[in-house]
2 protein chains.
Amino acid sequence: MSPNSTGPLLTPDQQDTWFAYMRVSLRLGYEMNRQLQTDSDLSLPDFDVLNALADSPDGRLQLTGLATRLAWERSRLSHHLQRMSARGLVERSPSVTDRRATEAVLTDAGRAALTAATPGHAELVRRMFFDGLDPALLPALRTALEQVHEQVLTHGTLPRPGRPQRRLPGLEPTG
Amino acid sequence: MSPNSTGPLLTPDQQDTWFAYMRVSLRLGYEMNRQLQTDSDLSLPDFDVLNALADSPDGRLQLTGLATRLAWERSRLSHHLQRMSARGLVERSPSVTDRRATEAVLTDAGRAALTAATPGHAELVRRMFFDGLDPALLPALRTALEQVHEQVLTHGTLPRPGRPQRRLPGLEPTG
DNA sequence: GGAAGATACATGACATGTCACCCAACTCGA
DNA sequence: TCGAGTTGGGTGACATGTCATGTATCTTCC
């Protein structure tokens, strides 16, 4: 992430915006990490995993889906879940529909840890992100971010999250 | 980084904005990393270091300042520079003004690697970030990000980057 | 000028993440 | 229905990042 010389491919306005984005992104990441580590015994990655599970039905999610959602490598997730399950925050359970697949399941302890950590995190986000922000800019900011998100989904290398993307035969451009 | 249940401390609008931000941040980080690794032999952290040095006078920066600018732990920087200097991308040189201090200096090879990697990176940024963005939103986005950045600087734990912050005696609130 | 504390950085042990590769289960077409 | 190719996930070696601590230098204040 680099607030610097992106060359002539971007207009000056775009460059400035990009640098502002990168600075925010770097600092914010640092601060979130720090706050979680000191106030709970979760790392930011832990927190992200717990959150993703918590807002899935039954607190369970298949590994590939989880990895995509987090924009993680699958091997990273595999290792990370090993550590988290050793701490009792999640469990692995084999999928019933696909015998290759594994699902990560939130345990009670995991849910509790998440609940405990959330207020502090939210407080930090409010203080760092929203308290200095002119409320009049909020809608535009949100729309802009959503547009960028859509763009990254469309042109990025990661699959879209959500449904298993199972393509049934003969249904391509149904017209 | 977690697009989820931040609790009642944020308004629904703020929550949506925050989740959009986090999704973008995760994906974008992933894609930038990936692009750099495949198209150059730099990692994103490498690239950031080179960039920071490249836009400093003489391509040199004292380690603490560099660490602050990157929002890195200093020990991380120390290790990382060791590896980068082993690859010939940077050099360490002792500071003349402060014998405790070390400065990181961009080598010719480092500058060359940066130059080679930059266009591809910029291209990715344009494609992922700006191509899907309504230009009318750009000014608001930029202002919003700058406001957030200022906020993080003011209320975060990292010092402001830039000058050495040397406070001379008796000059506090000069009034 | 000299001790107490702060600051700059390095280092080693350990935690975390990546990469290349593995196998098992699934899919699809011949 | 069987075999090639794909997909889901695990694993071990290695790269990277963090934390606690160490040493030297600088600053402050008496």
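Below, chains carry the letters A, B, ... as their sequence lines are ordered, and counting in each starts from 1.
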Gap between atoms [atom1] and [atom2], on [X] and [N] respectively (whole Å):
X: Leu36(A); N: dA15(C); atom1: CG; atom2: C1'; value: 17 Å
X: Leu81(A); N: dT11(D); atom1: CG; atom2: C1'; value: 15 Å
X: His80(B); N: dG17(C); atom1: NE2; atom2: P; value: 16 Å
X: Asp41(B); N: dA15(D); atom1: CG; atom2: C1'; value: 15 Å
X: Asp46(A); N: dA15(C); atom1: CG; atom2: C1'; value: 11 Å
X: Arg69(A); N: dG8(D); atom1: CZ; atom2: P; value: 18 Å
X: Asp98(A); N: dT7(D); atom1: CG; atom2: P; value: 12 Å
X: Leu42(A); N: dT16(C); atom1: CG; atom2: P; value: 11 Å

Does a nitrogen or oxygen in the side chain of Arg92(A) sit under 4.0 Å from OP1 or OP2 of dG10(D)?
-> yes

Hey, does the side chain of Gln82(B) come within less than 4.0 Å of dT16(D)'s phosphate (OP1/OP2), counting only N and O?
-> no

When all nucleic acid strands are considered with a 4.0 Å heavy-atom cut-off, which category describes Gln37(B): base, sugar-phosphate, or nothing?
-> sugar-phosphate

Under 4.0 Å between any heavy atoms, over every strand shown, what does Arg34(B) touch: base, sugar-phosphate, or nothing? Just pick one.
-> nothing

Return the set of residues passing salt bridge (Lys or Arg N to Asp or Glu O under 4.0 Å) with Arg126(A) (not counting sequence neighbours), or none when no residue passes.
-> Glu123(A), Asp131(A)

What is the ring orientation for His121(B) with Phe47(B), classed by angle as parallel under 30°, tilted 30 to 60°, or perpendicular over 60°?
-> tilted

Less than 4.5 Å apart, any side-chain heavy atom of Tyr30(B) and any of Val152(A)?
-> no

Here the pair of heavy atoms bringing Pro159(B) nearest to Arg27(A) is O-NH1, 3.6 Å

Write down the atom of Pro119(A), the atom of Leu9(B), and the distance for their closest heavy-atom approach.
-> O-CD1, 3.5 Å

DNA chain C: 5'-proximal contact among Thr64(B) and Arg87(A) (nearest heavy atom) | Thr64(B)

Find which nucleotide of DNA chain C each of Arg99(A) and Asn33(B) is nearest to by heavy atoms, and output the residue with the more 5' nucleotide.
-> Asn33(B)

Counting only N and O atoms by type, is there a donor-acceptor contact under 3.5 Å from the side chain of Glu31(A) to the main-chain atoms of Thr157(B)?
-> yes

Pairs touching residues 70-89 of chain A that satisfy salt bridge (charged side-chain N to carboxylate O under 4.0 Å, His left out), sequence neighbours left out = Asp46(A)-Arg87(A)

State which of dG17(D), dA10(C), dA8(C) makes the closest approach to the side chain of Leu63(B).
-> dA10(C)

Closest to the His79(A) side chain: dC26(C), dG12(D), dG9(D)?
-> dG12(D)

Report the end-to-end axis angle of the helix from dG1(C)-dC30(D) to dA30(C)-dT1(D); each axis comes from five terminal pairs, and the value is rounded to 10°.
-> 30°

Using a heavy-atom distance cut-off of less than 4.0 Å, which residues of residues 71-78 of chain A contact DNA chain C?
-> Glu73(A), Ser75(A), Arg76(A)

When you match Arg100(A) and Arg83(B) each to their closest nucleotide on DNA chain D, which lands nearer the 5' end?
-> Arg100(A)

What pairs with Glu146(A) under side chain to side chain contact (heavy atoms under 4.5 Å, CB included), at least two apart in sequence or on another chain?
-> Arg142(A), Ala20(B)

Any pair counted as ring-ring contact (aromatic ring centres under 6.0 Å, His included), so long as it reaches residues 52-77 of chain A, sequence neighbours left out | Trp72(A)-His80(A)

Residues Arg92(A) and Ser85(A): side-chain donor-acceptor under 3.5 angstrom | no

